[in-house]
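Input: a single structure, listed below in structure tokens.
Below, read A as the first sequence line, B as the second, and so on, with proteins coming before strands; counting in each chain starts at 1.
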There are 2 protein chains.
Amino acid sequence: MELLRKSGLKVTPQRLSVMNVIMEAGEHFKAEEVYRKLKKSEPSITLATVYNIFRSLTDNGIINSFEVDGTTWFESNLDAHANLFCEKCGTIEDVSLSENSNLLEQFSLDGRKVRSASLVLKGLCTKCSRNSR
Amino acid sequence: MELLRKSGLKVTPQRLSVMNVIMEAGEHFKAEEVYRKLKKSEPSITLATVYNIFRSLTDNGIINSFEVDGTTWFESNLDAHANLFCEKCGTIEDVSLSENSNLLEQFSLDGRKVRSASLVLKGLCTKCSRNSR
DNA sequence: CTAATTGCAAATTGTTTGCATATTC
DNA sequence: GAATATGCAAACAATTTGCAATTAG
């Protein structure tokens, strides 16, 4: 609620529900998934509304988004990290950068301006990597 | 030609044309752009064909792809680097990683398997950054 | 009361697919 | 000659838009 207010966004039940889903630590969702989850408790909600909400939340820096194979994922973790898409189970796993690595200072920027960075990995998550051994 | 042969892909004029466009150093293209470019010299070519070609080239590791805001870009630079999407002029600029940074060793991987990494930046390219000062 | 947001349907964009024809190897 | 690729039209998936009705501040 505070986050919405701080950004001048109106506090609607739909927005609160979407935020409830997305704010769980370490969670990553696609719009469609959130829509399906919410449909149960909030049957009137629309996929378009979910998309609209995600747009205002990302525009206001409340959540983060990144894309994998043509679809957009959302997460509440705003710290610099990589997202690993597991090619076996289709989930996303956060991958922290090694301590001595500050992602945002890794580039030779020479007079460019970087506003956002998205580091997406593809491979096998911890669980699937273990199971495939 | 050698690259195609090595991967067991048939050498067709369409594939050669696409590769000619994409192989220019530092160039980044969307399928649609390549299609428009080639339409002039090769009027029979189709957007679907361009997409098919890009798929076989990426599947065989001949070129690289990454996505920005829902559209896929292709490049021939296979070295580890970041791609900066300029929000002003809409082009992509390669950004090399600082020497002491090996992108693929930056993560705390602990038993995960990483097959590919895509680092996409958004901001202003060198030219637009200069012009906006 | 006013501006913002929702819900709905329809439109758009980027990309893929099925299939007949043509082309490489 | 067999397998693969092209061209074309049609299908698809993800996302956005226009607009009327509703709701938050």
Just checking, is any N or O donor in the side chain of B:Asp94 or B:Asn77 under 3.5 Å from an acceptor N or O on the other one?
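Per modelled atom types, B:Asp94 and B:Asn77 side chains form a pair under 3.5 Å.
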Without hydrogens or angle criteria, can the side chains of A:Glu93 and A:Thr126 be said to hold a donor-acceptor pair below 3.5 Å?
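Short answer, yes.
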For nucleotides 19-25 of chain C, tabulate all protein N/O to nucleotide N/O atom pairs closer than 3.5 Å, reporting atom names and distance.
| unit_1 | atom_1 | unit_2 | atom_2 | d |
| --- | --- | --- | --- | --- |
| C:dT24 | O2 | B:Lys10 | NZ | 2.9 |
| C:dC25 | OP1 | B:Val11 | N | 3.1 |

For A:Ile92, what are the other residues in its hydrophobic cluster, where any two members join if their side-chain heavy atoms are less than 4.5 angstrom apart?
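Members besides A:Ile92, by chain and number: A:Phe66, A:Val68, A:Trp73, A:Phe85, A:Val120.
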For DNA chain C, what residues of residues 46-73 of chain A have any heavy atom nearer than 4.0 Å?
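Hits under 4.0 Å, by residue number: A:Thr46, A:Ala48, A:Thr49, A:Ile53.
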Once you round it to whole Å, what is the distance between [atom2] of [N] and [atom1] of [X]?
X	N	atom1	atom2	result
A:Phe29	D:dA14	CZ	P	17 Å
B:Lys39	D:dT6	NZ	P	16 Å
A:Glu42	C:dG7	CD	C1'	12 Å
B:Ile45	D:dC8	CD1	P	11 Å
B:Leu4	D:dT6	CG	C1'	15 Å
A:Leu16	C:dT5	CG	C1'	13 Å

A:Cys125 to B:Arg112 - nearest heavy-atom pair and separation
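For A:Cys125 and B:Arg112, the tightest heavy-atom pair comes out as C-CG, 4.2 Å.
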Ignoring hydrogens and geometry, is there a side-chain-to-backbone donor-acceptor pair from B:Glu27 to B:Val21 under 3.5 Å?
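Side chain of B:Glu27 to backbone of B:Val21: no pair is present.
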Which comes earlier along DNA chain D counting from the 5' end, the contact point of B:Pro43 or that of B:Gly8, where each point is its nearest nucleotide?
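In this pair, the answer is B:Gly8.
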A:Lys37 and A:Glu33 ion-paired at < 4.0 Å
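Answer for the salt bridge query: no.
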Kindly work out whether a path of hydrophobic side-chain contacts (I/L/V/M/F/W/Y, heavy atoms less than 4.5 Å apart) joins B:Phe29 to B:Leu57.
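Per the 4.5 Å side-chain linkage, B:Phe29 and B:Leu57 are co-clustered.
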Hphob cluster co-occupancy, B:Leu38 + B:Met1, side-chain heavy atoms under 4.5 angstrom
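Linked within one cluster.
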